[in-house]
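In this text the structure is predicted, and so the values were computed from the model without any measurement.
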Amino acid sequence: MRAIQVKEYVKGPLDLQVSTLPTPAPSPNEYLIEIHSAGTNFFDLLQIQGKYQHQPPLPWVGGAEFAGTVIAVPTAPASAPRFQVGDRVFGATQGAYATHVLAAERTLLPIPAGWSFEDAAGLFVTAPTSYGGLVHRAGVQPGDWVLVHAAAGGVGLAAVQIAKAKGATVIATASTERKRQVARDFGADYVIDYRDKAWPEEVKRLCGPQRGGVDIVYDPVGMIDASLKCVAWNARLLVIGFAAGNIEKVALNRVLLKNVSIVGLHWGQYARFETETVGAVWRGIFDLVAQGKFRGTAFKDESFVGLESVPRALQALGSRGTWGKVVVKVIDDEPEKSRL
């Protein structure tokens with residue numbers, strides 16, 4: 001097989017190279033997947049530089065998210081395999097920047113009908129993070145006003161769609177006009193440039209004097225403290241991440257005065273601490289997909305085809321000039337169209 005193998009840590013993605021490696025043999029407890037598309041993540045950039053919290057022993061193959069076709073099922077499964085040879089699946093496991101990967105059944109899900117490999121490759125991390133946060137942690141309801149920061153990112157566009165599907169009014173923030181237009185295209189009711197320091201006042205103006213602010217804040221950036229200036233009574237603020245690079249210190253007097261809840265979400269730990277919620281979240285996501293209320297968020301302004309394009313895709317992701325999910329087509333053979 002061909003793969004992006006990391007033998008030593010690199011300064012940046014353009015230092016990565018494609019290697020030829022032995023194709024994994026069928027495994028007693030894992031599926032062998034032929035990868036068609038691979039999703040990129042910010043943690044991939046950290047990992048190749050040796051800066052991530054989880055570093056596999058060298059050498060290792062980069063990438064985590066993928067979509068592809070089952071070409072071999074477990075040879076000694078504990079129970080009947082859920083998937084069969086030829087099934088289209090998506091999932092996440094170490095080694096997605098390759099033509100083939102071994103994956104355990106718990107890391108795989110069926111690609112929704114009508115979805116392309118490209119869109120499915122970016123579904124495993126973003127969709128459950130946003131659904132778990134908005135539905136299970138914040139309890140979004142019809143009539144709520146939801147503020148989504150970095151709304152044109154992968155989790156942001158997922159959050160916009162989920163909030164709209166649940167009957168909320170969405171205010172989206174993004175840094176460029178292109179990104180704000182993308183947020184509109186995915187359903188945002190209002191868009192704001194968060195580089196304008198007066199953005200909290202604009203949020204309050206949009207909500208109107210009676211409401212006073214938003215009911216839910218979805219924050220993958222690190223903007224909780226500023227967001228407390230434009231929230232309603234009993235607001236719920238979701239801490240999703242710190243993409244801006246700084247871990248905030250929050251003025252707790254505002255938390256007290258507005259009777260608000262600040263709620264964290266670490267989706268990756270649900271499989272360890274709250275497994276029953278994982279299934280409920282995916283059932284909710286697949287239900288929205290079936291209703292046509294959730295579609296893929298693959299970045300379409302530029303194409304990344306072949307493993308040789310992984311360095312360029314990661315560089316584009318790191319530049320923060322992209323929107324949605326940056327996906328590499330490992331195999332460019334998809335005639336079908338995603339739900340757009």
Side-chain angles (χ1 to χ4, degrees), residues 126 129-177 179-267 293:
T126 57
T129 297
S130 298
Y131 194 99
L134 287 169
V135 178
H136 285 267
R137 295 293 276 159
V140 63
Q141 298 293 324
D144 280 342
W145 282 62
V146 178
L147 175 63
V148 179
H149 288 305
V155 293
L157 289 179
V160 168
Q161 294 184 86
I162 291 163
K164 287 300 298 179
K166 295 297 181 179
T169 299
V170 175
I171 300 174
T173 73
S175 59
T176 68
E177 179 53 40
K179 290 183 177 181
R180 292 191 289 276
Q181 183 57 53
V182 168
R184 289 189 193 96
D185 293 343
F186 277 80
D189 298 282
Y190 305 99
V191 294
I192 291 176
D193 185 348
Y194 63 74
R195 296 174 302 176
D196 182 346
K197 293 182 179 180
W199 68 260
E201 293 301 318
E202 178 64 9
V203 171
K204 289 195 291 186
R205 185 191 70 78
L206 290 170
C207 292
Q210 284 190 318
R211 178 172 291 275
V214 295
D215 302 292
I216 297 174
V217 176
Y218 183 92
D219 179 26
V221 180
M223 299 174 67
I224 293 293
D225 192 51
S227 298
L228 283 167
K229 299 176 182 178
C230 58
V231 295
W233 174 258
N234 277 337
R236 293 86 77 197
L237 292 87
L238 288 164
V239 180
I240 304 299
F242 308 98
N246 297 317
I247 297 177
E248 292 184 280
K249 294 181 179 179
V250 175
L252 291 179
N253 60 315
R254 292 177 184 157
V255 176
L256 173 67
L257 294 174
K258 288 291 185 74
N259 207 52
V260 305
S261 300
I262 298 179
V263 182
L265 180 99
H266 188 173
W267 176 249
K293 295 181 178 180

For a 4.5 angstrom cut-off between non-hydrogen side-chain atoms, does [X] reach [Y]?
X: Thr129; Y: Leu265; answer: yes
X: Asp215; Y: Asn234; answer: no
X: His149; Y: Leu147; answer: yes
X: Val203; Y: Thr173; answer: no
X: Ile171; Y: Asp189; answer: no
X: Val160; Y: Tyr218; answer: no

Check your understanding: Does Ala168 have any side-chain contact (heavy atoms from CB on, under 4.5 Å) partners at least two apart in sequence or in another chain, and if so, which?
Key -> Val140, Asp144, Val146, Ala163
**Study point:** N-O pairing of Lys229 and Asp225 below 4.0 Å
**Key:** no
What pair of heavy atoms forms the shortest contact from [X] to [Y], and how long is it?
X: Pro220; Y: Ala150; answer: CG-CB, 4.2 Å
X: Ala183; Y: Ala172; answer: CB-CB, 3.9 Å
X: Lys258; Y: Val231; answer: NZ-O, 2.7 Å
X: Ala174; Y: Lys179; answer: CB-CB, 3.7 Å

Separation between [atom1] of [X] and [atom2] of [Y], rounded to the nearest 0.5 Å:
X: Ser130; Y: Ile240; atom1: OG; atom2: CD1; result: 7.0 Å
X: Arg205; Y: Glu201; atom1: CZ; atom2: CD; result: 11.0 Å
X: Gln141; Y: Ile216; atom1: CD; atom2: CD1; result: 8.0 Å
X: Lys164; Y: Gln161; atom1: NZ; atom2: CD; result: 11.5 Å
X: Ser261; Y: Arg236; atom1: OG; atom2: CZ; result: 8.0 Å

Practice item. Using the test ring-ring contact (aromatic ring centres under 6.0 Å, His included), find all partners of Tyr190 that sit at least two apart in sequence or belong to another chain. Key: Trp145
Exercise for review: Kindly indicate, with the supporting measurements, whether the criterion side-chain contact (heavy atoms from CB on, under 4.5 Å) is fulfilled by Leu237 and Val263.
Suggested key: CA-CA 6 Å; Leu237 292 87; Val263 182; over 6 Å; no
Review point. Knowing that exactly one of Val239, Val260, Leu238 qualifies, which makes a side chain to side chain contact (heavy atoms under 4.5 Å, CB included) with Ile224?
Key: Val239
Review point. Between Arg180 and Asp193, is a salt bridge (charged side-chain N to carboxylate O under 4.0 Å, His left out) present by the stated rule, with each step listed?
Key: CA-CA 8 Å; Arg180 292 191 289 276; Asp193 185 348; 3.6 Å; yes
**Study point:** Distance flag, aromatic centroids of His136 and Trp267, threshold under 6.0 Å
**Key:** no
Exercise for review: Mark yes or no for whether Arg137, through its side chain, and Gly264, through its backbone, hold a donor-acceptor pair below 3.5 Å.
Suggested key: yes
Review point. Does the side-chain contact (heavy atoms from CB on, under 4.5 Å) test come out yes or no for Met223 and Trp199, once each step is laid out?
Key: CA-CA 12 Å; Met223 299 174 67; Trp199 68 260; 3.6 Å; yes
Point to revise | Worked verdict on Val250 versus Leu228 for side-chain contact (heavy atoms from CB on, under 4.5 Å) | key: CA-CA 9 Å; Val250 175; Leu228 283 167; 3.3 Å; yes
Practice item. Quick one: do Asp219 and Ser227 satisfy side-chain contact (heavy atoms from CB on, under 4.5 Å)? Show the steps, please. Key: CA-CA 9 Å; Asp219 179 26; Ser227 298; 5.7 Å; no
